[in-house]
There are 2 protein chains.
Amino acid sequence: MNKTTRQVDTTTPQADTTTQQAIMSAAEIEFMEKGFAAAKTTAIARRAGVTHAMLHYYYRTKENLFNQVFQAKIQLLADSFTTILGREMPFLEKIEQGVGAHFDFLAANPRLPLFVLREIVDNSDRREVCREVLLPVFKGVIEKLQKALNAEIESGSVAPVSAMDMMLNMVSMNVFAILSLPVAMLLAEVKEEDRDRFLERRKRQIIEQVLTQLKAEKR
Amino acid sequence: MNKTTRQVDTTTPQADTTTQQAIMSAAEIEFMEKGFAAAKTTAIARRAGVTHAMLHYYYRTKENLFNQVFQAKIQLLADSFTTILGREMPFLEKIEQGVGAHFDFLAANPRLPLFVLREIVDNSDRREVCREVLLPVFKGVIEKLQKALNAEIESGSVAPVSAMDMMLNMVSMNVFAILSLPVAMLLAEVKEEDRDRFLERRKRQIIEQVLTQLKAEKR
DNA sequence: ATTATCTATAGATCTATAGATAATGC
DNA sequence: ATTATCTATAGATCTATAGATAATGC
């Protein structure tokens with residue numbers, strides 16, 4: 001603590017040594033698979049193909065290394081929300097595309113939800129990272145969605161639903177579909193080779209579900 | 001392995017010594033909070049107020065102790081599905097009650113979903129336990145639900161939906177509501193004291209959502 | 001001079017067991 | 001005799017750092 005550390009500046013990506021990068025990649029895999037507590041810095045170094053001391057040379061502590069991985073993953077999660085918006089198309093089609101894109105993102109990053117959820121229970125620091133990165137993005141998306149919804153509601157083409165509720169339903173079903181895939185396949189007795197078909201079917205079903213909600217009878 | 005163990009029969013609950021029970025209770029708390037990998041037998045013994053050797057005397061290995069906790073939790077989860085059924089009431093009301101009861105169960109056991117999901121990724125033994133305990137229960141529930149649904153569909157009072165999809169939607173939303181509560185509260189900017197109100201509102205919303213699906217226009 | 005790398009090791013834990021001793025049930 | 005409990009310790013790890021040495025950039 002009271003000694004000068006030989007650590008390199010890791011905030012600017014210019015110092016992207018192969019060793020350092022190898023450690024980061026290995027850390028990403030290990031942390032995503034086992035979580036902070038169960039991951040071992042020795043295993044990370046082994047996977048990166050470097051001596052264990054190098055890990056501490058570049059990242060000083062396990063916590064420090066983890067935080068960088070965590071931050072990056074939260075950022076990835078946030079970006080997945082923004083990319084949906086923007087294109088010009090009919091409202092319902094946009095919703096359809098958006099829900100599908102979010103589903104596909106999760107299917108491509110199946111460990112992400114469990115990783116995040118696991119690490120934020122009981123750790124307020126990490127929750128804070130979530131808040132800082134996700135909140136602005138989330139607010140923006142909800143606001144835009146609500147505006148678009150209001151226009152449609154006024155014109156009478158969709159039922160009066162709140163953007164927040166719709167978003168929660170959508171995220172719930174998508175995240176849980178990926179999160180519970182191992183159990184769901186067990187319970188629905190789906191074989192490994194039918195995995196993708198099963199996912200595709202569920203995706204279709206979720207989109208239907210969201211659309212059904214929008215087309216519900218107006219009260 | 002090749003020596004006689006002094007371990008007591010733990011399959012019959014008659015040997016419910018205070019020490020043994022204390023260890024089990026402590027283990028339940030530790031494992032639920034930290035997961036298998038991060039939980040320490042030393043911490044469990046400390047929490048139980050017994051010497052660490054006692055833990056190994058009664059349960060021999062950490063794995064063994066964990067498996068007993070895990071089995072019990074899966075059983076609890078399974079039971080939560082069966083208790084819903086049975087009572088006599090109109091179909092829609094039954095659904096409403098069922099969804100609400102499932103939600104309440106999860107709200108009362110908020111760590112259960114993450115605990116189970118975390119432990120079954122990458123561990124086929126534990127997944128097997130899930131399958132054995134949950135599959136028969138799940139099949140039974142789906143079958144009953146589908147029968148009830150078919151009757152209603154035939155009489156034209158509800159839209160043609162599959163019991164499996166309906167079940168998945170319901171479980172998704174309920175589980176995710178509890179699982180994501182910390183993040184959701186962050187994103188929806190809910191204060192700690194409004195937690196219960198927030199949950200109650202979400203519960204109501206999920207029930208509505210399920211009912212909406214049932215009342216959708218028949219095609 | 002600074003940066004990168006290796007060897008070696010300190011210092012904490014953690015799981016698990018051995019072996020002694022006390023308490024309990026016939 | 002059997003069951004329960006304690007003390008002590010073996011044997012693995014795990015995180016982190018010290019200190020030597022090689023490579024690199026002025």
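Proteins come first, then strands; the chains are lettered A, B, ... in the order of their sequence lines, and each starts at number 1.
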Donor-acceptor pair, A/Lys203 side chain versus A/Phe198 backbone, under 3.5 Å?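 The answer is no, because no donor-acceptor pair under 3.5 Å joins these two groups.
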Output yes when a side-chain donor or acceptor of B/Arg126 lies under 3.5 Å from a complementary backbone atom of B/Ile120, and no otherwise.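 No; judged by distance alone, with no hydrogens or angles, the pair does not exist.
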NA contact type, A/Ala39, heavy-atom cut-off 4.0 Å: base, sugar-phosphate, or nothing?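 Since only primed, P, OP1 and OP2 atoms lie under 4.0 Å of A/Ala39, the category is sugar-phosphate.
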Tell me what A/Thr42 touches on the nucleic acid: a base, only sugar-phosphate, or nothing, going by heavy atoms under 4.0 Å.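 Here A/Thr42 touches the bases of the nucleic acid.
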Gap between atoms [atom1] and [atom2], on [X] and [N] respectively (whole Å):
X       : N      : atom1 : atom2 : result
B/Lys62 : D/dT13 : NZ    : P     : 14 Å
B/Ile23 : D/dC6  : CD1   : C1'   : 13 Å
A/Gln20 : C/dT5  : CD    : P     : 10 Å
B/Lys34 : C/dT13 : NZ    : P     : 13 Å
B/Tyr58 : D/dC6  : OH    : C1'   : 13 Å
B/Arg46 : D/dC6  : CZ    : P     : 15 Å
A/Lys40 : D/dA12 : NZ    : P     : 17 Å
A/Leu55 : D/dT13 : CG    : P     : 19 Å

Taking only the side-chain heavy atoms of [X] (C-beta and beyond), determine which of [options] contains the nearest atom.
X       : options               : result
B/Thr61 : C/dA16, D/dC6, D/dT17 : C/dA16
B/His56 : D/dA16, D/dT5, C/dT17 : C/dT17
B/Tyr57 : D/dT5, C/dT17, D/dA16 : D/dT5
B/His52 : C/dA4, C/dA16, D/dC6  : C/dA16

Closest approach of A/Leu179 and A/Leu114, non-hydrogen atoms and distance?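 Closest pair (atom of A/Leu179, atom of A/Leu114, distance): CD1-N, 3.6 Å.
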Can you tell me if A/Thr61 and A/His56 form a side-chain donor-acceptor pair at under 3.5 Å?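 There is no such pair between these side chains.
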Going by purine N1 to pyrimidine N3 plus the second Watson-Crick contact, or the G-U wobble pair, all under 3.5 Å, which nucleotide sits opposite D/dA8?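 Its partner is C/dT17 (Watson-Crick or G-U wobble, both distances under 3.5 Å).
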Should C/dA23 form a Watson-Crick or G-U wobble pair with both distances under 3.5 Å, which nucleotide is its partner?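 Paired with D/dT2.
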Phosphate oxygens OP1/OP2 of [N]: is one of them under 4.0 Å from a side-chain N or O of [X]?
X       : N      : result
A/Tyr59 : D/dA16 : no
B/Thr19 : D/dA4  : no
A/Thr51 : C/dC6  : yes

How long is the gap from OH on B/Tyr58 to CG on B/Leu65, to the nearest 0.5 Å?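 One finds 13.5 Å between OH of B/Tyr58 and CG of B/Leu65.
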